[in-house]
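Before any comments, here is the structure.
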Amino acid sequence: MTHPTMEDAFAHHVWASLRLIDACLPLTAEQLETPVAGTYGSILETARHLVDADAWYLFCMTGGKVPEIEEDRVMDLSELRSEMASHDSAWSDLLATKPDPDAVLTVTHDDGSKTQATMGIRLAQAVHHGTDHRSHICTVLTTLGVEPPAIDVWDFGAQNGRVVEMSPAT
């Protein structure tokens with residue numbers, strides 16, 4: 001049985017985000033608010049941005065079937081984790097519809113301006129955005145002396161039996 005082409009990419013995206021949030025849960029409030037030059041912001045600020053944007057991408061690409069996060073809602077890491085966990089099935093459901101990568105989606109912004117982009121570009125942006133900001137959080141963790149969790153695609157594949165390392169034949 002086959003699954004949608006991008007399913008592994010989005011399953012990894014959610015998995016890596018959840019592992020990273022889990023690694024941050026034991027941190028102190030001070031650590032969560034520590035800014036580091038060259039990153040988006042503090043761990044908490046970046047995690048909020050990552051999850052909020054992910055919900056927005058889903059909202060846009062599902063025609064509003066997945067709700068946006070309310071603009072004034074401020075979530076802690078536990079709430080962010082719960083929200084991100086719900087995105088696993090939302091991405092899977094979207095990909096199961098086999099969206100046309102060439103379909104143009106138009107988003108109207110609050111100021112009345114519009115952005116047109118293909119579904120393929122929007123899907124690529126969602127994956128890239130998550131990777132970029134997870135990297136920022138890992139940089140902050142490293143700066144704090146905390147070892148970031150292993151969250152690359154190879155780790156995901158190995159954990160899920162989709163990458164198997166084999167010793168050379170003797």
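Thr62 places a side-chain N or O within 3.5 Å of a backbone atom of Leu58 that can act as its donor or acceptor partner. Between the side chain of Thr39 and the backbone N or O of Pro35, no donor-acceptor pair lies under 3.5 Å. Between the Ser92 side chain and the Asp88 main chain, no donor and acceptor come within less than 3.5 Å of each other. With hydrogens and angles disregarded, a donor-acceptor distance shorter than 3.5 Å links the side chain of Asp111 to the backbone of Ser113. For the pair His136 (side chain) and Tyr40 (backbone), a donor-acceptor distance under 3.5 Å is present. Here the side chain of Arg122 pairs a donor or acceptor atom with the backbone of Leu105 at under 3.5 angstrom.
Residue pairs meeting the salt bridge (Lys or Arg N to Asp or Glu O under 4.0 Å) criterion with at least one partner in residues 33-59, sequence neighbours excluded, do not occur; the list is empty.
Val163 and Val153 are assigned to two separate hydrophobic clusters, defined by single-linkage of ILVMFWY side chains at heavy-atom distances under 4.5 Å.
Aromatic ring pairs are classed by plane angle as parallel below 30°, tilted from 30° to 60° and perpendicular above 60°; the pair Phe10 and His13 is perpendicular. Classified by interplanar angle (parallel below 30°, tilted 30° to 60°, perpendicular above 60°), the ring pair His109/Trp56 is parallel.
Residues Ser78 and Arg81 have side chains that never bring a donor and an acceptor to within less than 3.5 angstrom of each other.
Within the 4.5 Å cutoff, side-chain heavy atoms of Trp91 are placed close to those of Leu94. Put simply, the side chain of Val140 does not reach to within 4.5 Å of the side chain of Ile137, judged on heavy atoms. Side-chain contact between Arg73 and Met75 is present, with at least one heavy-atom pair separated by less than 4.5 Å.
A 6.0 Å sphere centred on CD1 of Ile121 holds no more than 12 heavy atoms belonging to other residues, nucleotides or ligands.
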